[in-house]
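Shown next, in structure tokens, is the structure this report addresses.
Below, all heavy atoms of this structure are taken into account, side chains as well, without hydrogens, waters or symmetry copies. Proteins get letters first, then strands, A, B, ... in listed order; numbering begins at 1 in each. Note that the coordinates shown come from a computational prediction; the quantities given were computed from them, not determined experimentally.
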Amino acid sequence: MYPFRDIEKKWQKRWEEIGLYRTPEKPEDKYYIMEMWPYTSGDIHIGHFRNYSFGDLRWRWEKMMGKDILHPFGWDAFGLPAEEAAIKKNLDPREWTYNNIKAARRTIKKLGFSYDWEREVITSDPDYYKWTQWLLIQLYKEGLLYRKEAYVNWCPGCKTVLANEQVEGGLCWRCDSKVEKRKLEQWFVRTTDYVEGLLNDIETLDEWPENIKEMQRNWIGKNEGATIRFTMENGEEFEVFTTRPDTIYGVTFICLSPESEIAEVIAKKNKEVKQYIHDALLMSNIERTIVDREKTGVNTHYNAIHPLTNEEMPVFVADFVLGSYGTGIVMGVPAHDQRDFEFAKKFKLPIRQVIKPEKETEENTAFTGHGIMINSGEFDGMRSEEFIKKITQVLESKGVGCKSINYRLKDWLIARQRYWGAPIPMIHCEKCGIVPVPEEDLPVLLPPTKEVDFIPKSRSPLADHSNFMNTKCPKCGGAALRDPDTADTFVDSAWYHLRYLDAKNKAKIFDRGEADKWLPVDLYIGGAEHATGHLIYMRFITKFLHKLGYLSVKEPVLRLFNQGMVRDENGVVMSKSKGNAVDTEELVAKIGVDAAKIAILFFGPPDSDIDWREENIKGSTRFLTKIYDLFYENARKGAISLDINDKQKTLFKVVEKTTKKVTNDIEKFSYNTAIAALMELLNKITDYVDKNDNLFQYTIRRFMSLLAPFAPHITEEIYSRFGNKESIFLEDWPIYDKEAIIEEQFTLIIQINGKLRARAVADKGIDKEKALEIALKQENVQKFIKGNHKKVIYVPDKLINIVV
RNA sequence: GCGAGAGUGGCGGAAUUGGCAGACGCGCUGGACUUAGGAUCCAGUACUACUAAAUAGUAUGGGGGUUCGAGUCCCCCCUCUCGCACCA
């Protein structure tokens, strides 16, 4: 062990004094780096530590590479846990939040990370949520924030509605309650307005991980097909969406989703239907979507009329039809859709084949492939792929259908019936309807926590606060009510990368000049769990502000890096609630920041999940202690210059090669192998006897430069022993000597029939004959070449393979 | 079911274009130092065969293929992780 505590204190103080992490006013070669910010539940565990370590390492390296860097930090401070603390422990949510921030900030500061704290933002500060509200008003003005009555996800645990992105496998993302359906009028953001941009621009995100891009594509879920209008015998009309209009002649029934309006109307007159819908909607999505669940449904005893054949067919309500996809109504084609097939079997409905497969297919399943049209009137004999286009035109010309595109992505439900969030800045006036709060009246402040009753009543606590609710209509001046709901916290985090640009601006959300200086974010580091939520919202807001002319960029983030999760010894994801999270402060108190960082970086590649094992951290302490013991005492002051003799020594070559490897490895986020290379070099240095000669001094100085991004505190301490006054991070990253790494000799690998039989040192550039000559001299080779060799393969400067 | 990724010693993991499999670290074994060692230093450590060395054989989830040569490329299968999931 080395005196890490004193060293850390000393250098953290020094860095603050010299303003090392302050963002340059006028960046020449800018680099904007962000890590996903933490939610303020108070603990900074090892997963956060890993995340921030990647960012810190990058800052230090880019800094030494000469970049002007913006590296901010902030807090995702609104959200339910604060309110839960109020309900369960009778704590003040504001105090709870700010105390947690204080504690977490203290921890992070102890870790000596390279943040510019002058740009710190907190979403629950009125200075921040004023602009969250401003953003909502801009969305409203553009028609992208609207109210709609719809079936929405309701979490009975959190007593609030949820966005689709917050429902994971039918369960609430936060509390794991089964999510229910409720028909409510809610605020939505029209993300679907930008759906094509969100989808197409994924192609421009060259430096995003492929899996994240694929997840976003799937989430958006674009499907091309046709919308077809059917008429009921009572004259009512409805539309279905299908990707297979070619199967139109195979329709033998219609299924309505329990959520559909038509079903609701029918239910008023039909008790059986009413009961079925009631039961279906009571079921959580998770129960309703169990695979292999037997199809259920109820006959409405109404008939629909086929738009082309005028045939009548029964209309059912069935819960396998989702209200949220397409029109919420499907045409049943049992011969060519497996679900429809199962439904038809159960209700003994006719199955009419309209596509003939090219090969024989399995019995008792629907044929979903393409083939030749049959039973389709004048179109028999056409290929079904072509028929899709043809029939769409036919439907269009008859005025009963059209080509259409459907998306899985839905509008973003942003209202929450909770207190601890940004109040939605809207006023409801009986005369004027919905009126946005005038921008000069922002922020709409949350009332003091003391005046609020937090006991959940399935409506916003603000609804019961008359001082908050009662206001005047900005338009007519009459009595009006505020909107009692608050915004989803993902609204706050959808634009924080923009507030960092100009965190203290009182007049504007941010200055356009600052945005042009720094955007896009060059590197954004965080977990893959935000692939379809936060990252889509962030892209959406960026596109929205681009369209309004506030931003010149269309995409917020150039390079996205997904770090892997940290799990415990048993492979279980660490979390506060499971009580298996390793506390960063404890770890750092035990082994020091630098050793903790080296340990977590050495654990494995940054993008893979790691299982935390206590014993694996020992190596890092040994590594740094060895460095400290060996370098600290032997460090010499003054300039060092190498002569030719020094440059011919093996150690010199190793130093230059290591420089190359560490540089390349950092570039490609291969931190574990970079550390391994440094460990190898240290082993070589330990073996080097002349601890006082020029080459040794040169080597340990170079070593410190290479180590600096990984272990900044110890590096600064030893760097100062060389007589330097400033920080090592103001130095340039070393450039390796290209001449030095050229080798004159190489190890010739000698194979017989592809098997390694001998090795020999040879001069580089020798030809095949020479190599063969060397190979044949080897004793072990003679043993294996009994007769003549047939063929010789020579890979220059690498290996020779003799085929016998 | 669909999509993506992965499978290498006792463990975490290395391995440019196909070219020395197992870097580096942990652990373990033996030794040194020591009042002591869960500190430090030195040596060894994929498996099998031999006491050992030298050497040989076998090894990158399983099976096949391409190639002088495959952890790496192709085909089939198994297992695990992640995402989506009755999406019409």
Legend entry - Side-chain N,O (A:Arg757) to OP1/OP2 (B:C20) below 4.0 Å: no

Inset, instruction - Would you classify A:Val321 as touching base, sugar-phosphate or nothing, given that sugar-phosphate means primed atoms plus P, OP1 and OP2, and contacts are heavy atoms under 4.0 Å? - result: base

Inset, instruction - Report yes if a donor N or O on one partner sits less than 3.5 Å from an acceptor N or O on the other, where the partners are the side chain of A:Lys295 and the base of B:C86; otherwise report no. - result: yes

Legend entry - Separation of atom CZ in A:Phe320 from atom C1' in B:C87, rounded to whole Å: 12 Å

Legend entry - Whichever of A:Ser608 and A:Phe241 has its nearest RNA chain B nucleotide further upstream toward 5': A:Ser608

Legend entry - Euclidean distance, atom CH2 of residue A:Trp219 to atom P of B:C84 [Å, nearest integer]: 6 Å

Inset, instruction - Scan nucleotides 21-36 of chain B nucleotide by nucleotide, 5' to 3', and note B when protein non-hydrogen atoms come under 4.0 Å of the base, S if they reach only the sugar-phosphate, - if neither. - result: --BBSSS---------

Inset, instruction - Taking atom types as modelled, find out whether A:Trp208 and A:Gln216 have a side-chain donor-acceptor pair closer than 3.5 angstrom. - result: no

Inset, instruction - Syn or anti for B:G9, please, going by whether the chi angle lies within 90° of 0. - result: syn

Inset, instruction - Would you please enumerate the stems RNA chain B participates in, each stem being three or more consecutive Watson-Crick or G-U wobble pairs with both distances under 3.5 Å? - result: B:1-7 with B:78-84, B:10-12 with B:24-26, B:27-32 with B:40-45, B:46-49 with B:55-58, B:61-65 with B:73-77

Legend entry - Minimum-distance nucleotide (side-chain atoms of A:Tyr325 versus B:C86, B:C87, B:C68): B:C87

Inset, instruction - Assess A:Arg408 against A:Trp219: is NZ or CZ under 6.0 Å from the centre of the six-membered ring, and within 45 degrees of the ring's axis? - result: yes

Inset, instruction - Please check if the side chain of A:Lys653 supplies one atom and the backbone of A:Ile741 the other of a donor-acceptor pair under 3.5 Å. - result: no

Legend entry - Between P of B:A85 and CG of A:Asn218, the distance in whole Å: 10 Å

Inset, instruction - Go through the side-chain N and O atoms of A:His370 and A:Ser384 and say whether any donor and acceptor fall under 3.5 Å apart. - result: yes

Legend entry - Which nucleotide in B:C68, B:G83, B:C20 has an atom nearest any side-chain atom of A:Met215: B:G83

Legend entry - Nearest-0.5 Å distance that lies between atom CE in A:Met538 and atom NE2 in A:His530: 11.0 Å

Legend entry - Integer-rounded Å distance: B:G38 C1' and A:Ile591 CD1: 16 Å

Inset, instruction - Considering just the side-chain nitrogens and oxygens of A:Arg408, establish if one lies under 4.0 Å of OP1 or OP2 belonging to B:A85. - result: yes

Inset, instruction - Kindly point out which of B:C20, B:C87, B:G19 is positioned nearest to the side chain of A:Arg759? - result: B:C20

Legend entry - 5' priority, RNA chain B, between A:Met565 and A:Asn780 [closest heavy atom]: A:Asn780

Legend entry - Residues A:Tyr276 and A:Thr296: side-chain donor-acceptor under 3.5 angstrom: yes

Legend entry - Close side-chain approach of A:Asn562 to A:Asp607, heavy-atom, < 4.5 Å: no

Inset, instruction - Tell me, please, whether A:Tyr794 has A:Lys768 positioned over its six-membered ring: NZ or CZ under 6.0 Å from the ring centre and within 45 degrees of its axis? - result: no

Inset, instruction - Could you tell me whether the phosphate oxygens of B:A88, OP1 or OP2, come under 4.0 Å of any side-chain nitrogen or oxygen in A:Asn223? - result: yes

Legend entry - B:G5 versus B:G9 - spacing of their P atoms, nearest Å: 23 Å

Legend entry - Donor-acceptor side-chain pairing of A:Gln782 and A:Gln778 below 3.5 angstrom: no

Inset, instruction - Identify whether any heavy atom of A:Asn211 sits under 4.0 Å from a base atom; if not, whether one sits that close to sugar-phosphate; answer base, sugar-phosphate or nothing. - result: sugar-phosphate

Inset, instruction - Could you tell me the separation between the CD1 atom of A:Ile329 and the C1' atom of B:C86, rounded to a whole number of Å? - result: 17 Å

Legend entry - C1' spacing across the pair B:U16 / B:G7, given as an integer number of angstrom: 23 Å

Inset, instruction - Verify whether one side chain among A:Ser257 and A:Asp319 offers a donor that lies under 3.5 Å from an acceptor in the other. - result: no

Legend entry - Whole-Å distance separating the CG atom of A:Asp607 from the P atom of B:U81: 19 Å

Legend entry - Integer-rounded Å distance: B:C84 C1' and A:Ile220 CD1: 14 Å

Inset, instruction - Could you measure between the two C1' atoms, the one in B:G3 and the one in B:G12, and give it in whole Å? - result: 29 Å

Inset, instruction - Test the A:Lys738-A:Tyr736 pair against the cation-pi criterion, namely NZ or CZ under 6.0 angstrom from the six-membered ring centroid and within 45° of the ring axis. - result: yes

Inset, instruction - Taking atom P in both B:G22 and B:A15, compute the distance separating them and give it to the nearest angstrom. - result: 13 Å

Inset, instruction - Can you tell me, in whole Å, how much space there is between the P of B:A39 and that of B:U72? - result: 40 Å

Inset, instruction - Check whether any side-chain nitrogen or oxygen of A:Lys798 sits under 4.0 Å from OP1 or OP2 of B:U16, and answer yes or no. - result: no

Legend entry - Nearest-angstrom distance from the residue atom CD1 of A:Ile212 to C1' of B:A4: 11 Å

